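Beneath this line is the structure, given in structure tokens, with notes to follow.
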Amino acid sequence: MRYSLTRSRRKTAAIYVRNGEVEVRAPLRMPKREIDRFVSEKEYWILKSLAKQQAQIKRKEKFVIDYGSSVFLRGKPYPITQRVGTHAGFDDFEFYMPPDLSPEQIKSTCVRLYKILARSHILKRADFFASQIKVTPTTVKINSAMKRWGSCSAQKSLNFSWRLIMADDAVIDYVVVHELAHIKEMNHSSRFWMIVESVLPDFRERKRKLKELQNRLNGEDWG
């Protein structure tokens, strides 16, 4: 099993599989034979992870948004249609766009609309739950983060990825409550999860659904 090795002052070894590559991070003095044995013991998991990533790469390569495609908004699929004119929008039934756009133009138009819709909906939910948790974020913004659904800074500023608007409402609310709870607890301690659970008793199920969405989006190329 081929892998790259990074040594540091860590206490235990760990394996990371990213972009088809295997990296092992190990303590400075851990013998090479022990590292090889550790990798060998994890071979099944590594091969499974590599196969999963390869499948995601192939799905991304085939990912195309065009007229007639369906895209998700707040957990529901909506078609992309042509409409005479120069404007694009969402009318509660479909994403409509001017005719003769290329797939890339259609995708970029979807992203622009998603950002508008995310800003409208997520900011309202943040305001709603902030009053329940009794916190006041300094700002609430929508960004283009690809690896984080949301974040909370030490200055109590919240950021949410526009991609979150693809999730169903229960999942959106979970991420919003999660970040708002960080204003009180900047960690993932038991006290933090108690805050989340006090607002959303079924947060574990919502968290599971969020992971399902992440797995789906890992195979879609939204740029």
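As a basis for the values below, the full set of heavy atoms in this structure was taken, side chains included, without hydrogen atoms, waters or symmetry mates. If you read the sequence from its start, that first residue is 1, and numbering goes on from there. These figures come from a predicted structure and were not determined experimentally.
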Between [X] and [Y], which heavy-atom pair has the shortest distance, and what is it?
X      : Y      : value
Ser161 : Ala145 : OG-O, 2.8 Å
Cys110 : Met97  : SG-CE, 3.4 Å
Tyr114 : Met166 : CE1-CE, 3.6 Å
Pro27  : Arg7   : O-NH1, 2.9 Å
Gln56  : Asn215 : NE2-O, 4.3 Å
Ala126 : Val176 : CA-CG1, 3.6 Å

Should we count [atom1] of [X] as having more than 12 external heavy atoms under 6.0 Å?
X      : atom1 : result
Arg148 : CZ    : no
Lys184 : NZ    : yes
Gln82  : CD    : yes

Are [X] and [Y] grouped together when hydrophobic residues (ILVMFWY) are joined by side-chain heavy atoms under 4.5 angstrom apart?
X      : Y      : result
Ile172 : Val111 : yes
Leu47  : Phe38  : yes
Phe160 : Leu213 : yes
Phe63  : Leu101 : yes
Leu50  : Leu5   : yes

Do side-chain atoms of Asp91 reach the backbone of Glu94 as a donor and acceptor pair under 3.5 angstrom?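 A pair under 3.5 Å: yes.
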Hey, is the main chain of Asp168 close enough, under 3.5 Å, to the side chain of Arg74 for a donor-acceptor pair?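 Checking the backbone N and O of Asp168 against the side chain of Arg74, no donor-acceptor pair under 3.5 Å is found.
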Qualifying residues under side-chain contact (heavy atoms from CB on, under 4.5 Å), relative to Arg9, sequence neighbours excluded: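 Counting only residues at least two positions away or on another chain, Arg9 forms a side-chain contact (heavy atoms from CB on, under 4.5 Å) with Leu28.
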Among all residues two or more places apart in sequence or in another chain, which pass the side-chain contact (heavy atoms from CB on, under 4.5 Å) test with Phe128?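 Residues passing side-chain contact (heavy atoms from CB on, under 4.5 Å) with Phe128: Arg125, Gln132.
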Going by atom types alone, do Glu23 and Thr6 pair a side-chain donor with an acceptor below 3.5 Å?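 Present: a donor and an acceptor within the cut-off.
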Using a distance-only test with no angle check, is there a side-chain donor-acceptor pair under 3.5 angstrom linking Tyr3 and Asp36?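 On atom types as modelled, these side chains qualify, holding a pair under 3.5 Å.
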With a 4.5 Å heavy-atom cut-off, do [X] and [Y] have their side chains touching?
X      : Y      : result
Asp92  : Phe90  : yes
Met186 : Cys152 : yes
Gln155 : Thr139 : no
Arg208 : Lys211 : no
Ile183 : Pro137 : yes
Lys124 : Asp127 : no
Lys42  : Val22  : no
Phe95  : Leu73  : yes

Phe203 and Tyr174 aromatic ring geometry - parallel, tilted or perpendicular at 30°/60° bounds: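 The rings of Tyr174 and Phe203 lie parallel, inter-plane angle below 30°.
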What's the verdict on side-chain contact (heavy atoms from CB on, under 4.5 Å) for Leu117 and Ser120, showing C-alpha distance, side-chain angles and the deciding distance? CA-CA 5 Å; Leu117 294 164; Ser120 174; 5.8 Å; no
To the nearest 0.5 angstrom, please state how far the [atom1] atom of [X] sits from the [atom2] atom of [Y].
X      : Y      : atom1 : atom2 : answer
Asn187 : His182 : CG    : NE2   : 7.5 Å
Ser70  : Lys76  : OG    : NZ    : 14.0 Å
Thr12  : Arg25  : OG1   : CZ    : 11.5 Å
Ser151 : Lys141 : OG    : NZ    : 10.5 Å
Ile142 : Ile122 : CD1   : CD1   : 4.0 Å
Lys134 : Leu180 : NZ    : CG    : 13.0 Å

Does a salt bridge link Lys107 with Glu104, judged by any charged N lying under 4.0 Å from a carboxylate O?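 Salt bridge: yes.
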Side-chain donor-acceptor pairs of residues 191-199 under 3.5 Å, sequence neighbours excluded:
{"unit_1": "Arg191", "atom_1": "NE", "unit_2": "Glu185", "atom_2": "OE2", "d": "3.4"}
{"unit_1": "Arg191", "atom_1": "NH2", "unit_2": "Glu185", "atom_2": "OE2", "d": "3.2"}
{"unit_1": "Trp193", "atom_1": "NE1", "unit_2": "His188", "atom_2": "O", "d": "3.4"}
{"unit_1": "Ser198", "atom_1": "OG", "unit_2": "Ile195", "atom_2": "O", "d": "2.6"}

Between Trp222 and Val71, does the side-chain contact (heavy atoms from CB on, under 4.5 Å) criterion hold? Intermediate values first, please. CA-CA 11 Å; Trp222 284 98; Val71 291; 4.0 Å; yes
Evaluate the criterion side-chain contact (heavy atoms from CB on, under 4.5 Å) for residue pair Arg216 and Phe72; output intermediate values, then yes/no. CA-CA 11 Å; Arg216 179 170 66 79; Phe72 281 83; 3.9 Å; yes
